[in-house]
Amino acid sequence: MLLTATDIHKTFHTADGPFTVLRGVDLALEAGESLALTGESGSGKSTLLHLIGGLDTPDQGQIMINSADIAAMDDNGRAALRRGTVGVVFQQFNLIPSLRVADNIAFQSRLAGRDDPKWNADLADRMGLTAHLRKYPEQLSGGQQQRVAIARTLAPRPKLVLADEPTGNLDEATADDVMSLMLDLVADAGAGLLMVTHSIALAERLSRRVHLRAGQVAA
Amino acid sequence: MQLFTLLAGLALATALWSGVQAVNTEARASYDSAAATLGEAGYDQLVSGDDQPISLETYVALRRAGWLVSPVIEGQINGVRLIGIEPLTAPSSLGPVNLADGADIGAFLSGRGQVYGTVETLAALDVTGSVAPDLAPNVAYTDIGVAQRMLDRAGEVDLLIVAPDQPLRQLALREVAPNLIRRAAAAGSDVGKLTDSFHLNLTAFGLLSFAVGIFIVNGAIGLAFEQRRPVVRTLRALGVPLGALIGLIAVELMLMALLAGIIGVALGYVIAGMLLPGVAATLNGLYGASVAGTLQLRPSWWISGLAIALGGTALAATGALWQLSRMPLLAAAQPRAMAMAAGRRAKVQGGLAAILIIATLILAATAQGLIAGFAMLAALLIGAALGLPIILSAVLAFCANRARGVVGQWFWADTRQQLPGLSLALMALLLAMAANVGVSTMVSSFRLTFVGFLDQRLSSELYVTAADANQAAQITERIASEVDVILPIQSVTMPIASIPTEVFGTRIHDTYRDTWVLLDSLDLPWDQVASGEAILINEQLFRRAGLNVGDQVMLDAVPLTIVGVYGDYGNPIGQAVIGEDLFVKLYPDVGPLRFGVRVPEADVNRVRSILRDDVGIPDAQMINQAGIKAFSLDVFDRTFVVTTALNVLTLAVAAFAILMSLLTLATMRVPQLSPAWAVGMTRAELGRLEVIRAVLLALLTAVIALPLGLALAWALLAVVNVAAFGWQLPMYLFPWDYVRLFGFAVLAAAIASLWPAIRLARTPPAGLLKVFSNER
């Protein structure tokens with residue numbers, strides 16, 4: 001099993017008091033499998049994704065990726081996980097504004113020590129970014145920026161790709177185009193894909209779907 | 001945070017400015033009261049050519065010959081300068097009786113006398129007089145008869161003030177009183193003129209500190225506007241007129257400026273209170289000017305302090321308000337967009353910097369006088385500050401291109417992107433460091449030269465002062481066989497090239513040949529002086545009279561060739577050296593009362609004993625060389641206490657600017673750092689890089705500040721000093737001082753960046769994740 005999340009709990013402490021987001025979520029994902037995580041706003045989808053990506057830690061429960069327990073890892077361990085094992089695509093693209101497109105694509109794989117310029121060039125080509133490699137992110141359209149973000153995520157060949165509403169900021173045609181490219185590339189790489197989405201149509205393109213309601217997996 | 005930055009920056013800027021202005025005003029008030037009461041600099045004076053008191057008979061003879069002169073006597077009692085004047089004959093503005101309200105002229109003139117002074121001065125004299133609060137500290141005035149009695153110098157007069165309007169017919173001074181010399185008004189003794197340069201330096205420092213503070217305010221306002229851009233955009237989209245928005249922001253800023261100004265003036269008062277004793281020591285040490293060591297709260301400070309706070313805020317906010325007024329409604333706050341916009345501004349800024357640096361070079365080649373000197377300094381400093389971001393950007397671009405590692409590449413690119421946000425703080429650091437390098441080079445060069453000068457001037461092991469000519473003769477007679485040589489010290493004040501000059505008659509000896517460093521000379525200058533045909537002059541006379549080596553000057557109708565020029569640091573007036581034989585021939589009545597005694601170090605105490613026991617010279621009249629040097633160096637070191645304090649303050653303000661910039665930037669940095677964290681960098685790593693970034697920028701700034709500081713020192717030594725004092729100082733370099741300053745700058749930057757870096761390293765993941773998610 002590539003990913004196993006068991007009895008995940010998470011509470012945020014806000015000015016208005018504690019706010020429990022996840023209340024005992026269980027989840028599993030095989031290598032090569034794609035899973036859509038759906039649910040209403042505030043149901044805890046993004047939080048669960050962040051916990052699985054090692055961006056945050058659960059208050060309770062266990063997250064195993066490739067048989068490694070994320071909750072037991074320190075900051076350095078989780079950073080290493082993010083560099084090499086997991087790749088995250090965000091809704092807001094979150095590219096590094098000071099680096100050119102080519103450097104953004106190569107950034108994570110170089111950090112992971114797995115830089116493969118040929119693979120990077122191939123990714124850029126398939127994403128239609130070859131003509132934009134020397135540009136800065138802000139010089140690109142939203143769709144182009146999201147393609148750069150996906151290329152960056154796939155460049156180190158992660159075992160697990162996490163995507164948080166990756167097409168949420170894009171128009172329908174661009175979203176469809178970007179989504180197709182991502183699904184093809186993930187399948188080619190044999191990675192697992194966990195995607196948070198509101199879109200039923202998008203969710204139906206993935207192999208499986210899990211719905212969250214009020215911090216729990218809906219029956 | 002930004003509110004604090006704004007208030008703190010403005011309050012600090014106002015505090016440093018108003019503090020320095022307060023010190024200046026207080027010191028000037030002290031001179032003014034001294035000048036207003038005696039006004040001695042404003043009138044010609046008759047003084048004795050042989051340093052002897054003027055007799056009552058000479059005074060009476062002059063009055064009878066038609067000379068409208070008024071007698072003055074002065075002396076020290078318990079550290080108070082007691083001045084006795086004769087109000088009925090003194091020029092009207094010299095009258096002391098208008099010093100205090102309700103002054104009683106009858107009492108002033110009557111036998112019991114009336115003494116005027118401040119409460120402290122009267123207490124020091126242990127007399128019950130009239131309190132005149134505007135009088136200079138430690139100066140008291142009374143009728144000449146009372147002063148003569150208090151000083152125990154009946155019938156003596158020290159000088160005669162010459163009224164400006166004299167009768168058309170009067171006998172020549174040479175006929176009535178041949179031993180008297182007429183000293184022109186303000187001839188090298190005008191305290192105000194001498195101290196002007198010092199105050200100009202202080203004002204320049206105050207202005208520099210204010211500029212550094214305004215940089216902080218400008219940075220804070222710029223960042224606040226950047227962060228408010230979405231709100232402004234929304235309000236404008238909802239239909240709020242741009243003019244109303246700008247007006248509201250301007251009013252808000254002015255209210256904050258008013259608050260910061262009040263805090264600043266209060267802080268300035270505290271700073272002035274701390275600096276004033278140092279300034280008083282400096283002015284006493286340098287010029288002998290007496291300044292009260294306490295502050296008076298003057299309403300003008302409040303007005304000028306608040307005005308400068310409001311003006312500074314208006315200046316700092318103009319750019320931001322202008323940008324706001326021209327900002328397209330839908331412009332998004334993109335960091336690289338900011339950087340690109342900054343890039344466009346950089347071209348204009350670069351052009352301005354180039355113009356100012358060219359102006360500096362032109363002024364360096366042509367500048368003469370204080371104003372031109374300070375204009376050159378201003379052009380140099382502003383030009384360099386404007387050019388700094390452009391130079392840094394070029395260096396960072398070069399490093400980014402050369403970087404191999406992924407983190408390195410990102411680090412350089414990210415640092416370059418941060419430059420616009422940090423450039424104002426870095427400019428402040430550049431100015432503060434350059435001022436430090438410049439002023440410390442100047443002071444240290446001054447000190448080194450001064451120590452060398454002391455070695456030159458205090459080459460004798462023992463200095464002895466005789467009470468009278470009789471005792472002087474005894475000294476020479478008694479110890480002549482006991483010591484290597486006795487060097488008499490004798491002088492008269494005579495005009496050379498129409499400039500009053502203290503002329504020394506020197507016994508030419510190897511002591512002078514070996515130790516005196518001549519700035520310019522002909523061959524064998526000392527032998528020529530000994531022959532009685534030549535003269536050495538000091539740099540002040542050389543510059544002021546426009547003389548050159550080889551020129552001929554007349555001294556009491558004797559033609560003398562100038563064979564050398566010597567440095568005479570700290571002396572405001574002209575000085576010259578002629579041979580002893582010529583001096584005795586020209587001024588036979590002036591006998592030496594002071595002697596330098598050359599004697600092996602081991603024999604100094606033995607010679608002292610002989611002089612004490614056999615000639616009756618009290619110990620107080622025998623000073624060994626080491627004592628004088630220590631005293632002189634102490635005076636010197638106290639002289640620059642204020643400069644050092646201001647240096648430290650300016651550097652501290654610059655460090656504060658960096659801290660505030662980093663703290664305000666820190667909140668804007670999260671969206672830029674979160675992606676790097678999300679793809680595998682740790683928070684600690686990012687925190688470390690933030691510190692390295694600040695240190696690196698400080699180091700690069702320091703590297704640029706060094707040549708700038710040295711240029712500043714050169715300008716101070718070669719242009720401003722010559723214009724202010726009449727002599728040029730050699731410039732020395734002090735590498736270890738610069739290394740230490742580099743250390744301080746790096747430390748300041750590291751400390752300033754530590755807090756934001758720790759905050760970043762400790763930012764909970766939720767804080768960083770906010771960038772990525774719109775929901776939970």
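Chain letters run A, B, ... following the sequence lines, proteins first, then strands; residues in each count from 1. Note that the structure is a prediction, hence the values are computed from the model and not measured.
- Q672(B) has its side chain within reach of P97(A): a pair of non-hydrogen atoms, C-beta onward, lies under 4.5 Å apart.
- Contacts between L22(A) and chain B at a heavy-atom distance below 4.5 Å are absent for every atom of the residue.
- The two residues S98(A) and A413(B) come nearest to each other via the heavy atoms O-CB, 3.5 Å.
- Side-chain atoms of V679(B) and R152(A), non-hydrogen and from C-beta on, do get closer than 4.5 Å to each other.
- Side-chain contact check for L55(A) versus P765(B): every heavy-atom pair is 4.5 Å or farther apart.
- If you take CG on N104(A) and CH2 on W410(B), they are separated by 12.0 Å, rounding to the nearest 0.5 Å.
- In this structure, R82(A) contributes its side chain and W677(B) its backbone to a donor-acceptor pair below 3.5 Å.
- Counting non-hydrogen atoms of neighbouring residues, nucleotides and ligands closer than 6.0 angstrom, the CD atom of E252(B) exceeds 12 such neighbours.
- In this structure the side chain of M681(B) reaches within 4.5 angstrom of the side chain of F107(A), judged on heavy atoms.
- Considering every non-hydrogen atom in both T682(B) and A79(A), the closest pair reads CG2-CB, 3.4 Å.
- To the nearest 0.5 angstrom, Q409(B) atom CD is 4.5 Å from D103(A) atom CG.
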